A.B. asks: 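This is the structure, below, for whatever I ask next.
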Protein chains: 2
Amino acid sequence: MPRKPTLAQVAALAGVSKMTASRALRDAGDVSASARDKVQAAAQTLGYVGDRVATALSAKTTNLIGVVVPSLSNIVFAQVLAGISDGIADSGLQPVFGITGYDSDTEAALLRDMLSWRPAGLIVTGLDQPDATRALLRQAGVPVVQIMDIDGDPVDGCVGISHDAAGADMARALLAAGRRRIGYVGAHLAHDTRAAKRLAGFRAALADAGTALVASRLTGAPSSVASGRDLTATLLSHHPDLDCIYYSNDDMAIGGLFHCQSAGLDVPGQLMIAGFNGLDLVESLPVGIATTVTPRHEIGRRAAQMIAAAAPAVSLARVSLTPRIVLPGQTPRNRPLGGTRS
Amino acid sequence: MPRKPTLAQVAALAGVSKMTASRALRDAGDVSASARDKVQAAAQTLGYVGDRVATALSAKTTNLIGVVVPSLSNIVFAQVLAGISDGIADSGLQPVFGITGYDSDTEAALLRDMLSWRPAGLIVTGLDQPDATRALLRQAGVPVVQIMDIDGDPVDGCVGISHDAAGADMARALLAAGRRRIGYVGAHLAHDTRAAKRLAGFRAALADAGTALVASRLTGAPSSVASGRDLTATLLSHHPDLDCIYYSNDDMAIGGLFHCQSAGLDVPGQLMIAGFNGLDLVESLPVGIATTVTPRHEIGRRAAQMIAAAAPAVSLARVSLTPRIVLPGQTPRNRPLGGTRS
DNA sequence: TTGAAAGCGCTAACAC
DNA sequence: GTGTTAGCGCTTTCAA
């Protein structure tokens, strides 16, 4: 296998020094038009590719951006990755990803691995890392953006929504829609801290209105349509008089809807179903369910842009986006997503 | 900000040479127990992290593995990424991802960017790259695994299923289930070559049985539940006598089912719906639809393992996995996924 | 078992 | 505008 051509070979062929070749290929500094042309022609004929590793060592920075998410079995984080991919378009950055499986030791190990590449930045899911991990991030010396959540204390930058407020808003919307006997079905709350925050906000808003959850069913497993369906069946068998169920997310809620369809229940007349995320799927369901539409793609895109734009050692903004509640029968308002910066 | 400690500092603190420190930290070569302990203690006190960029430049290889997929709006490729993440566990590899948006120029540019990092390997979706891209991959000098598809000529390694056979098998299964007036609803066939291969196989098997598609509806947009729903509505309004519709994938099929539920059609009695992929969601639907269960996670996992195990300059195997057809009302057989190697 | 020397391929910094 | 010098932090190679 022929060795890959190096900058030195390009320079030799073009009859200039390595530095001139380097500058010509990077559009850096002043290079005469003739030198530039010769270098580019030489690079072309040799099929020169450039070596990012050497560049990184010399320039002490890479174009890699580390992305850590808890899971990819759920479409939500895949859409965040798609948003990140969009956000770094034209910036030359390349995303490296890791999946924690909602395990904080795995998360810390992944972050350490990523930091050994001296990435241009790090995007991490959530605000609730253990102290040791927070310290790691703080000392990393690279821009860090925590995503999805803003209820807490970010290490540096942060883009997300308030899950506490989202839960409370949904509770108020369901009460306003006349629902009174409300149950809850959730998954993975011990690990999914954002779902737990939504439930806490939901409960608090019910309490403010002088009421409370009638009953709930939880699973320790990750959320899925199947477990939403099963838990709904058991919840309704014990509490057939519920007129509303709030779910930890849309996957669970869709499972609940499927149970109701099989059982011949009238949704939303008899029972209103409320999820979270606003998956595309929800819009096409044959019967309406309530949900909170979250800007997943936008969160990823903004986080990536913050890192792309971050001057080294500048602290980053906290961006709070606003989700949108949709109730059954309600035509989705195509209001653009709001955003505030602090 | 204190500069990050280097190997030289660790070595100095341990009272050994850089080389001994390097060997001790990597478990490479023979190092005395006492030297090893001193080095590890020194690394610990300094909080030494190591610099993969320098390692890569010196050792001429990285632990990065490039992954190129067409989209992440569809859960299928997210599950492939999750499989890759599983497959490289404990191998020390880190995945860099890129999204092509089904555009071959974007794909070529992404691959070029990735190759400039001298990755340990490349995982690329599909077998139908343009010649220039194939040449790029062939000359890359790194292990390449093409995934999802095996109907074609791989550049190097390959893990996937035969989409042509999957389409043909579904046609035969639907005919065997007594369906005769069959329609087709598809999306994005110009870009999604695998969906096009399934349709070709489906048509060929119908022709073998002396029949043909009654009608079809196509969209140039990517697949979605919403477009499956819309196209099904128009197809059935022109051809209300269809007894079966084959869809380009489960998302489209689920949209079709939702239309039928809204329209009060009996599924599968009056109309059988057949998708592709076997999304988890399908198992929980209130009415049965047919699908082909594909081993997405397994494809990702195997591809990653092939690269992790690849000695440089060894050619890789072609792994053909077998999908499984499920018809409505049929209890899914939990037969383990087969696999053959050639 | 250990160490010294010599780079890996590139760019920052400074001269010319 | 262009070239020279000196590394970036590590590992390979070879000698001790």
Side-chain angles (χ1 to χ4, degrees), chain A residues 2-40 42-43 46-64 92 115-120 141 312, chain B residues 1-40 42-43 46-64 92 113 115-120 141 312:
Chain A
R3 280 181 77 77
K4 277 212 234 161
T6 69
L7 184 63
Q9 297 174 38
V10 174
L13 182 57
V16 299
S17 73
K18 270 184 359 174
M19 265 323 293
T20 301
S22 170
R23 292 198 260 254
L25 292 171
R26 283 180 300 147
D27 281 323
D30 289 318
V31 179
S32 69
S34 75
R36 167 167 300 139
D37 292 348
K38 279 187 295 184
V39 170
Q40 283 171 346
L46 290 178
Y48 175 73
V49 173
D51 185 329
R52 281 241 155 71
V53 176
T55 303
L57 182 62
S58 183
K60 298 198 230 227
T61 173
T62 66
N63 69 338
L64 298 173
L115 284 172
S116 70
W117 274 107
R118 311 199 210 131
Chain B
M1 198 172 63
R3 282 181 75 77
K4 276 212 230 157
T6 68
L7 183 63
Q9 297 174 39
V10 174
L13 182 57
V16 299
S17 73
K18 269 186 355 177
M19 266 324 295
T20 301
S22 171
R23 291 186 182 114
L25 292 171
R26 281 181 299 146
D27 283 323
D30 290 316
V31 180
S32 67
S34 76
R36 167 167 300 139
D37 292 347
K38 280 188 293 185
V39 170
Q40 282 172 347
L46 290 177
Y48 174 73
V49 175
D51 184 330
R52 281 242 156 72
V53 176
T55 303
L57 182 61
S58 185
K60 298 195 226 223
T61 172
T62 67
N63 69 339
L64 298 173
D113 275 358
L115 283 172
S116 70
W117 273 107
R118 308 200 209 133

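First the proteins, then the strands, lettered A, B, ... as listed; each starts at 1. Below, all heavy atoms of this structure are taken into account, side chains as well, without hydrogens, waters or symmetry copies. Bear in mind the structure is a predicted one, so any value in this text is a computation, not a measurement.
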A.B. asks: Starting at the 5' end of nucleotides 11-16 of chain D, put B wherever the base has a protein heavy atom under 4.0 Å, S where only the sugar-phosphate does, and a dash everywhere else.
C.D. replies: BBB---
A.B. asks: Distance check: side-chain N/O of B:Thr20 vs OP1/OP2 of C:dG3, anything under 4.0 Å?
C.D. replies: yes
A.B. asks: Let me see the working for B:Asp113 and A:Asn63 under side chain to side chain contact (heavy atoms under 4.5 Å, CB included), right down to the final yes or no.
C.D. replies: CA-CA 10 Å; B:Asp113 275 358; A:Asn63 69 338; 5.9 Å; no
A.B. asks: Determine whether the side chains of B:Arg118 and B:Thr62 contain a donor N or O and an acceptor N or O closer than 3.5 Å.
C.D. replies: no
A.B. asks: Measure the distance from CZ on B:Arg36 to C1' on C:dT2 and round it to the nearest whole Å.
C.D. replies: 13 Å
A.B. asks: Separation of B:Asp37 atom CG from C:dT2 atom P, in whole Å?
C.D. replies: 11 Å
A.B. asks: Of all the choices, C:dT2, D:dG9, D:dT2, which nucleotide is nearest to the side chain of A:Ala35 once you look at every atom?
C.D. replies: D:dT2
A.B. asks: Give the rounded distance in Å between these two atoms: CG of A:Leu57 and P of C:dA12.
C.D. replies: 12 Å
A.B. asks: NA contact type, A:Val53, heavy-atom cut-off 4.0 Å: base, sugar-phosphate, or nothing?
C.D. replies: nothing
A.B. asks: Can you check the B:Lys38 NZ to C:dT1 P distance for me, whole Å?
C.D. replies: 15 Å
A.B. asks: Between A:Ser17 and D:dT4, is there a contact of a side-chain N or O with OP1 or OP2 at under 4.0 Å?
C.D. replies: no
A.B. asks: Rounding to an integer number of Å, can you tell me how far A:Asp27 CG sits from C:dT11 P?
C.D. replies: 13 Å
A.B. asks: Could you tell me the separation between the CG atom of A:Asp30 and the P atom of D:dT2, rounded to a whole number of Å?
C.D. replies: 9 Å
A.B. asks: As a test of understanding, state which of B:Val16, B:Leu7, B:Leu13 forms a side chain to side chain contact (heavy atoms under 4.5 Å, CB included) with B:Val39.
C.D. replies: B:Val16
A.B. asks: Please tell me which of A:Val49 and B:Gly15 maps to the more 5' nucleotide of DNA chain C, matching each residue to the nucleotide holding its nearest heavy atom.
C.D. replies: B:Gly15
A.B. asks: What's the CG-C1' distance between A:Asp51 and D:dC8, to the nearest Å?
C.D. replies: 13 Å
A.B. asks: Can you find a heavy atom in the side chain of B:Asp27 that is under 4.5 Å from one in the side chain of B:Arg36?
C.D. replies: yes
A.B. asks: Which part of the nucleic acid, if any, lies within reach of A:Arg52 when heavy atoms closer than 4.0 Å are counted: base, sugar-phosphate only, or nothing?
C.D. replies: nothing
A.B. asks: Using C1' atoms of five pairs at each end, report the bend of the helix from C:dT1-D:dA16 to C:dC16-D:dG1 rounded to 10 degrees.
C.D. replies: 30°
